[in-house]
Amino acid sequence: MFPKADEALIEQAYFNAQEVYAQYGVDTALALERLSAIPISLHCWQGDDVTGFEHVEAVSGGGIQATGNYPGKARTPDELRQDAEKALSLIPGKHRFNVHAMYAETGGRRVERNEIQPEHFQAWIDWAKANGLGMDFNPTCFAHPKADDGFTLAHGDTGIREFWIEHCIACRKIGEHIGRSLGTPCVTNVWIPDGFKDIPADRRTPRALLKDSLDAVFAEAIDPKHNLDAVESKLFGIGSECYVVGSHEFYLGYALEKQKLLCLDAGHFHPTEGIADKITSVLLFLDEILLHVSRGVRWDSDHVVILSDDLRAIAEEIVRHDYLNRVHIGLDFFDASINRIAAWVTGTRAMIKALLLALLEPRDTLLELERAGDYTGRLALLEELKTLPFGAVWDYYCRKLEVPAGSMWINDVKQYEKDVLAARG
Ligand code: RNT
Ligand code: ZN
């Protein structure tokens, strides 16, 4: 159904494209070389709708909601890894894998979240090593009985708050172990669901508690060669519509004061507010940041990322200012209504395409126009750039890195669905 790409045609188209871009002073070969060095962190939770493998009884999912019941979701860590491998085989480049604490492997034993150890993630680490992947990590402060009333690190009950502090400390140690094992720092990102559904009488106290909790979580210094701490804000969630403790201002302040990575999630701001324009400001004051690239449709719906203007703007900001070493690109979406492997592949390929488009921009020309006050030329050129033969460069890149070019990867996923997913019942 989806055409097999013709190799001779791909090469021919690429060489034409190379000449077209050269007329604009853009070196396509250099762009591809730079692109191949950018890792994207694929989130494990797209593979099983943010379920994890602990089988704990929790009523609240922390306001995170995957909708749909497409058959064949991964039921075990091995299935999840197998699916991720399939997805990665269809994505050009070397990437990372982002695991949540709820994906611990405890050999059937019940291990409380505040007691998890590096050994419970050893299978993930071994798998990452075998596949040449870096890893990132996250405490799971939701989908747990102790999070059911909507509060964790900002809980009014000291015992519950302690529990989540211990969990986050355990996670930083796991992150350190991961980073040390794989030789590339693990970004450990703290996101909590804490907030009120309805109008609070006290917006201050929970924030003061969260600040105290974070101070306790981060009290021990960990070598940034192994672990980098990130904190993620949010505007609202299901069940925390009126008030989120960890708001943007809260974490911006916290990250600045403590020099932590700020995580900007594309779905965590007002619906028309993009994260692209925040990057240059935040990076004047922080060394590094983490992005959660997502696509909110009307709300923080975590749709699969596509090559939208928003996505392109994010990639442009990273590339234009040479932030490739300071911005960690993570994905954060979950769609249970379509094939989950296709979701990973579609979203990740879109992110890489956006980066390629940004790398193919005639930067010097645009800057010259802008500095000369020629805004007519700037707008007109930006518009014309959209129809340059970008697809030919993308196809060539996929072919060079030995993954399917064009839409033919969809056949692979359909076949995998028949061979592997269908048997999962
Ligand atoms: C939730 C946050 C958070 C989660 C993951 C599972 O709104 O975006 O990043 O999606 O931690
Ligand atoms: Zn996120």
Side-chain angles (χ1 to χ4, degrees), residues 41-62 64 66 72-85 96-131 133-148 152-153 155 159-182 186-193 213 216-217 220 222 226-227 229 330 332 334 336 340 424-425:
S41 193
L42 274 80
H43 51 314
C44 75
W45 53 94
Q46 162 53 46
D48 75 333
D49 317 336
V50 212
T51 317
F53 303 118
E54 296 170 306
H55 311 290
V56 292
E57 261 134 68
V59 288
S60 153
I64 308 184
K73 96 168 174 187
R75 298 161 304 180
T76 65
D78 285 330
E79 287 182 356
L80 187 55
R81 284 188 281 265
Q82 186 188 6
D83 292 356
E85 265 178 56
R96 305 175 64 84
F97 206 67
N98 188 9
V99 173
H100 240 281
M102 55 160 35
Y103 293 78
E105 288 168 85
T106 57
R109 218 163 50 83
R110 175 75 191 264
V111 178
E112 261 312 335
R113 287 203 190 155
N114 59 341
E115 284 166 359
I116 51 170
Q117 302 286 330
E119 68 194 62
H120 302 129
F121 297 88
Q122 199 54 48
W124 283 110
I125 297 169
D126 294 343
W127 173 77
K129 200 177 269 174
N131 286 276
L133 300 162
M135 265 180 74
D136 297 304
F137 198 59
N138 311 259
T140 308
C141 302
F142 54 88
H144 189 279
K146 285 195 161 64
D148 268 349
T152 61
L153 287 180
H155 208 289
I160 296 185
R161 209 156 60 82
E162 269 302 321
F163 174 84
W164 291 112
I165 291 171
E166 287 167 16
H167 172 58
C168 291
I169 291 174
C171 287
R172 288 181 76 222
K173 296 201 168 129
I174 293 164
E176 180 187 24
H177 174 75
I178 290 172
R180 197 192 294 276
S181 309
L182 297 176
C186 170
V187 180
T188 300
N189 177 51
V190 176
W191 171 75
I192 59 163
S213 296
V217 167
E220 194 182 314
I222 296 183
H226 304 311
N227 183 75
D229 301 306
D332 185 7
F334 24 97
R340 294 173 184 80
R424 289 183 190 167

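Count residues from 1 along the sequence. All values below were derived from every heavy atom in this structure, side-chain atoms included, with hydrogens, water molecules and symmetry-related copies excluded.
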What's the shortest heavy-atom distance between [X] and [Y], and which atoms?
X: Ala74; Y: Asp48; answer: O-CB, 3.7 Å
X: Gly134; Y: Leu182; answer: C-CD1, 4.1 Å
X: Ala147; Y: Thr152; answer: CB-CG2, 3.7 Å
X: Pro118; Y: Ile174; answer: N-CG1, 3.7 Å

So which of His144, Glu54, His167 actually passes side-chain hydrogen bond (donor to acceptor under 3.5 Å, both in side chains) with Arg113?
-> Glu54
Could you check Asp332, Thr51, Asn138 and say which one makes a side-chain hydrogen bond (donor to acceptor under 3.5 Å, both in side chains) with Trp45?
-> Asp332
Does [Y] offer a backbone N or O that forms a donor-acceptor pair with the side chain of [X] under 3.5 Å?
X: His100; Y: Met102; answer: no
X: Arg96; Y: Leu133; answer: no
X: Thr140; Y: Ala101; answer: yes

SG/Cys141 to NE2/His155 distance, rounded to the nearest 0.5 angstrom?
-> 12.5 Å
Quick one: CD on Glu112 to OG1 on Thr106, what's the gap to the nearest 0.5 Å?
-> 11.0 Å
[X] side chain near [Y] side chain, heavy-atom distance below 4.5 Å:
X: Val190; Y: Asp229; answer: no
X: Ile169; Y: Glu166; answer: no
X: Leu153; Y: Cys168; answer: yes

Do the two ring centres, one from His177 and one from Phe137, sit under 6.0 Å apart?
-> no
Could you go through the salt bridge (charged side-chain N to carboxylate O under 4.0 Å, His left out) check for Asp83 and Arg340 one step at a time?
-> CA-CA 9 Å; Asp83 292 356; Arg340 294 173 184 80; over 6 Å; no
Between [X] and [Y], is there a side-chain N and carboxylate O pair less than 4.0 Å apart?
X: Lys129; Y: Asp126; answer: no
X: Glu79; Y: Arg81; answer: no
X: Arg172; Y: Glu176; answer: no

The side-chain contact (heavy atoms from CB on, under 4.5 Å) partner of Ser41 among Asn189, Val99, Asp136 is Asp136
What's the verdict on side-chain contact (heavy atoms from CB on, under 4.5 Å) for Phe53 and Leu80, showing C-alpha distance, side-chain angles and the deciding distance?
-> CA-CA 10 Å; Phe53 303 118; Leu80 187 55; 3.9 Å; yes
Which of these, Tyr103, Phe121, Trp124, sits in a ring pair (Phe, Tyr, Trp, His ring centres under 6.0 Å) with Phe97?
-> Trp124
